[in-house]
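Note: hydrogens, waters and symmetry copies are ignored here, and every other heavy atom, side chains too, is used. What you see is a predicted model, and the numbers here were worked out from it, not measured in a lab.
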Amino acid sequence: MVPAEVPVKKQATDDDGKAITGEHAYDYKFKFVLKNGEKRTLDYELSGEKVKPFTPNAVIKAEISKKRAIKGPNEISKDKVPNKVRKILNID
């Protein structure tokens, strides 16, 4: 799930720490629940030229490895979340 508070908008930087002209970023710490019920926390930077933050408290889905998001994250409707995961995340 997306945290309740929108992170501070910051200047996007490259791997060397140099500012990327015209790009901004938001740093997130997401708590994911895997299909087997295992919980995993990952840091994620959302960046781009016209980037908008995720909707606070929205449900997201992503394919993740142990260290990073491979595909996504993308906002999804709460009714697409499996019941087992809904209970773990306390989704109505």
Side-chain angles (χ1 to χ4, degrees):
M1 290 195 56
V2 176
E5 290 187 32
V6 174
V8 175
K9 184 178 181 179
K10 67 175 193 168
Q11 176 66 52
T13 57
D14 63 19
D15 290 339
D16 294 325
K18 295 179 184 175
I20 301 172
T21 305
E23 290 199 15
H24 293 88
Y26 295 92
D27 288 332
Y28 285 94
K29 185 174 288 285
F30 289 127
K31 294 179 182 177
F32 290 101
V33 177
L34 307 180
K35 289 180 182 178
N36 65 6
E38 177 187 340
K39 296 178 185 178
R40 190 172 296 162
T41 301
L42 293 177
D43 293 327
Y44 180 78
E45 181 183 85
L46 178 65
S47 62
E49 287 185 18
K50 295 182 181 180
V51 67
K52 293 184 180 182
F54 287 105
T55 305
N57 295 316
V59 177
I60 57 170
K61 181 178 181 178
E63 289 182 29
I64 62 172
S65 70
K66 291 188 177 188
K67 296 183 178 182
R68 65 183 55 92
I70 299 167
K71 183 178 178 185
N74 298 301
E75 291 185 29
I76 62 169
S77 63
K78 292 179 181 179
D79 63 345
K80 293 190 177 187
V81 178
N83 286 334
K84 181 178 179 180
V85 175
R86 291 170 68 100
K87 288 179 183 178
I88 294 170
L89 292 174
N90 295 319
I91 296 174
D92 302 314

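Ile88 and Val81 fall within the same hydrophobic cluster, defined by Ile, Leu, Val, Met, Phe, Trp and Tyr side-chain heavy atoms under 4.5 Å apart, directly or through other members. Taking hydrophobic clusters as Ile, Leu, Val, Met, Phe, Trp and Tyr residues chained together by side-chain heavy-atom distances below 4.5 Å, Val33 does not share a cluster with Tyr44. Follow the hydrophobic side-chain contacts under 4.5 Å out from Leu34 and you never reach Val59; the two are in separate clusters. Met1 and Ile64 fall into different hydrophobic clusters, where Ile, Leu, Val, Met, Phe, Trp and Tyr are joined by side-chain heavy atoms under 4.5 Å apart, directly or via other members.
Screening residues 58-76 for side-chain hydrogen bond (donor to acceptor under 3.5 Å, both in side chains) gives Thr55-Glu75 as the qualifying pairs, with residues at least two apart or on separate chains. Counting only residues at least two apart or in different chains, salt bridge (charged side-chain N to carboxylate O under 4.0 Å, His left out) contacts with residues 81-91 are absent. Applying the salt bridge (charged side-chain N to carboxylate O under 4.0 Å, His left out) test to pairs two or more places apart or on separate chains, those with a residue in residues 27-54 are Lys10-Asp27, Lys10-Glu45, Lys29-Asp43, Glu38-Arg40.
The aromatic rings of Tyr28 and Phe30 lie parallel to each other, their planes meeting at an angle below 30°, with 60° marking the opposite boundary.
The two residues Pro73 and Ile60 come nearest to each other via the heavy atoms CB-CD1, 3.8 Å. Taking both residues in full, the closest heavy atoms of Val6 and Pro53 are given as CG1-CB, 3.6 Å, listed atom of the first, atom of the second, then distance. Summarising the geometry of Gln11 relative to Ile20, their closest heavy-atom pair is NE2-O, 2.7 Å, with the distance given to 0.1 Å.
Atom CG of Asn36 has more than 12 neighbouring heavy atoms from other residues, nucleotides or ligands inside a 6.0 Å radius.
Remark: the backbone N or O of Asp16 is paired with a side-chain donor or acceptor of Asp14 at under 3.5 angstrom.
Side-chain contact between Ile91 and Val85 is absent, with no heavy-atom pair separated by less than 4.5 Å.
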